[in-house]
Amino acid sequence: MSAIVRPAGEADIEPVARLLHERMNARIPAERWRRLLDYPWRPAGVERGWLVEDRGRIVGFMGTIYSDRPVGGRLQRFCDLSSWYLLAEYRGDGTGDALLQAGMAQPGVTYATMTARRATGRKIRALGFAVLDATRSLFRPRSGPQRMVLSCLRDPAAIRERLAASQQLVLDAHEGFDIHHALVGDPGLWLVYQRKLKGDAVAYHEILHASDPARLSAEAQAIADTLVAGENGVLAVDSRWMAPQDDQGTVEPIALPRWYRSADLVPAAVDHLFSEVILLDQKLP
């Protein structure tokens, strides 16, 4: 075979979206697949993913979704890895490994993937990745006198007025996607979360980002009382954000562990914003 691995450019958006829709997952429309290569927060100058090309035909792809974010007073570059796919006839000869390695070769970048299959997890462990989280805490809302409802602002425009300038940029970058915002308590704790049905129609209110993870951990039950409506809903918080001394709720395993690789960031600094989960409107495993 004459396959080569190369960075994807603007001209590759349509053929890659078509490949992923037709061969990887037809339930995701091609226009949604396009977001992996053309997302609103893409830093200038980065590739639009990596692909495998054989005599002008695109036969494989891996998404690299970059974001630049302030962490600890300095700008950090993150990359969410997504949609590692290769046509069957190109597998088993090292081409897939070359594609995977090309997508995670930038120095100084914190890499993460939230939807890696188990076989992918084994491969990226060998490339220096570690498990970011394998469990999460669930909190069901209480009823009666035990219920503790915090003050809560849910309108994104009103929340934006109360955020710092750097936080406003994050909120603006995610406008139009199927996620929810809340400012709870006093002073306001900014939370970004999904609401997706899982399992036996349980409404998971899954935290994607918390402006203060320590407060999220300490007040998780009250936050569940405030945000979660209905008997079959839960607040879901990844374990890396839960302090050992706080109520852990009901701890459940995550179906597919999250993975990350970073030279200098602790796991709690990695969240689910700027990720394929948002771009593709997926559920977190």
Side-chain angles (χ1 to χ4, degrees), residues 27-29 31-36 38-42 63 65-71 78-83 112-115 132-133 136-139 141 150 152-185 188-199 201-213 215-216 219-220 223-224 226-230 233-238 240-241 254-256 258 268-285:
R27 290 174 295 179
I28 299 177
E31 57 266 25
R32 206 181 301 164
W33 282 118
R34 291 188 194 101
R35 296 175 181 172
L36 297 184
D38 193 22
Y39 45 95
W41 56 79
R42 190 173 71 89
I65 303 165
Y66 291 98
S67 58
D68 290 335
R69 305 176 59 182
V71 179
F78 291 77
C79 181
D80 185 64
L81 301 175
S82 169
S83 309
T113 179
M114 306 300 166
T115 59
L132 180 65
D133 250 329
R136 64 184 151 214
S137 291
L138 303 182
F139 297 87
L150 304 171
C152 182
L153 188 63
R154 298 176 188 256
D155 176 55
I159 291 171
R160 189 182 189 281
E161 294 179 0
R162 291 162 173 80
L163 298 179
S166 60
Q167 294 174 319
Q168 290 177 346
L169 292 175
V170 173
L171 187 149
D172 293 346
H174 292 83
E175 184 179 359
F177 292 104
D178 185 22
I179 57 177
H180 303 270
H181 299 267
L183 203 64
V184 299
L189 169 65
W190 180 35
L191 299 172
V192 187
Y193 62 99
Q194 279 186 327
R195 185 184 183 279
K196 300 286 187 183
L197 296 180
K198 297 183 182 183
V202 177
Y204 274 64
H205 296 61
E206 193 127 29
I207 297 296
L208 305 177
H209 171 79
S211 60
D212 185 345
R215 274 191 63 197
L216 168 64
E219 302 177 29
I223 292 169
T226 303
L227 294 183
V228 181
V234 295
L235 180 77
V237 184
D238 281 9
R240 66 185 179 278
W241 292 323
I254 296 171
L256 294 175
R258 296 99 155 79
V270 181
D271 63 23
H272 302 298
L273 295 181
F274 302 98
S275 71
E276 66 163 339
V277 170
I278 291 174
L279 293 174
L280 296 179
D281 193 21
Q282 292 180 308
K283 302 175 185 179
L284 277 166

Rounded to the nearest 0.5 Å, what's the gap from OH on Tyr193 to CD1 on Ile179? Could you check? 10.5 Å

In this structure, CG of Leu227 is separated from CZ of Arg195 (nearest 0.5 Å) by 11.5 Å

Please report the closest heavy-atom contact between Ile65 and Ser82, naming both atoms and the distance. CD1-CB, 4.0 Å

Taking side-chain hydrogen bond (donor to acceptor under 3.5 Å, both in side chains) as the cut-off, I'd like each qualifying pair that reaches into residues 166-180, sequence neighbours left out, listed once. Arg160-Asp172, Asp178-Lys196

Do Ile207 and Leu235 come close enough that some side-chain heavy atom pair is under 4.5 Å? yes

For a side-chain contact (heavy atoms from CB on, under 4.5 Å) check, start with the C-alpha distance between His205 and Leu191, then their side-chain angles and the critical distance, and finish with the verdict. CA-CA 11 Å; His205 296 61; Leu191 299 172; over 6 Å; no

Parallel, tilted or perpendicular, judged at 30° and 60°: which one describes the rings of His181 and Trp190? parallel

Looking only at non-hydrogen atoms, find the nearest pair between His209 and Leu273 and report the distance. CB-CD1, 3.4 Å

I would like to know whether Asp68 and Trp41 meet side-chain contact (heavy atoms from CB on, under 4.5 Å); could you show each step before the answer? CA-CA 8 Å; Asp68 290 335; Trp41 56 79; over 6 Å; no

Which pair of non-hydrogen atoms, one from Arg154 and one from Thr226, has the smallest distance, and what is that distance? NH2-O, 3.0 Å

Check: Leu208 and Leu284 side chains under 4.5 Å, non-hydrogen atoms: yes

Search all heavy atoms of Gly185 against all heavy atoms of Leu150 and return the closest pair with its distance. N-CB, 4.0 Å

Going by atom types alone, do Thr115 and Gln282 pair a side-chain donor with an acceptor below 3.5 Å? no

Can a donor-acceptor pair be found, under 3.5 Å and without considering hydrogens, that links the side chain of Arg240 to the backbone of Val270? yes

Any chance you could measure Ile28, atom CD1, to Arg34, atom CZ, to the nearest 0.5 Å? 13.5 Å

Verify, without hydrogens or angle tests, whether Arg162 (side chain) and Ala158 (backbone) share a donor-acceptor contact under 3.5 angstrom. yes

Does Trp241 reach the side chain of Asp133, with side-chain heavy atoms less than 4.5 Å apart? no

Atom CG of Leu36 and atom CG of Leu279: how far apart are they, to the nearest 0.5 Å? 6.0 Å

Between Ile223 and Leu189, does the side-chain contact (heavy atoms from CB on, under 4.5 Å) criterion hold? Intermediate values first, please. CA-CA 10 Å; Ile223 292 169; Leu189 169 65; 3.8 Å; yes

For side-chain contact (heavy atoms from CB on, under 4.5 Å), just list the numbers for His272 and Arg258, CA-CA rounded to whole Å, side-chain angles, deciding distance to a tenth of an Å, and then say yes or no. CA-CA 10 Å; His272 302 298; Arg258 296 99 155 79; 3.9 Å; yes

Donor-acceptor pair, side chain of Lys283 and main chain of Gln194, under 3.5 angstrom: no

Rounded to the nearest 0.5 Å, what's the gap from CZ on Phe177 to CD1 on Ile278? Could you check? 7.5 Å

Given 3.5 Å as the limit, does a donor-acceptor pair link the side chain of Arg136 with the main chain of Ala236, or not? no

Please find the pair of heavy atoms, one from Pro141 and one from Ala224, that lie closest to each other, and give the distance. CB-O, 3.7 Å

Mind listing the closest non-hydrogen atom pair of Ser83 and Leu280 along with its distance? OG-CD1, 4.3 Å

Measure the CZ-OG distance between Phe78 and Ser275 for me, rounded to the nearest 0.5 Å. 12.0 Å

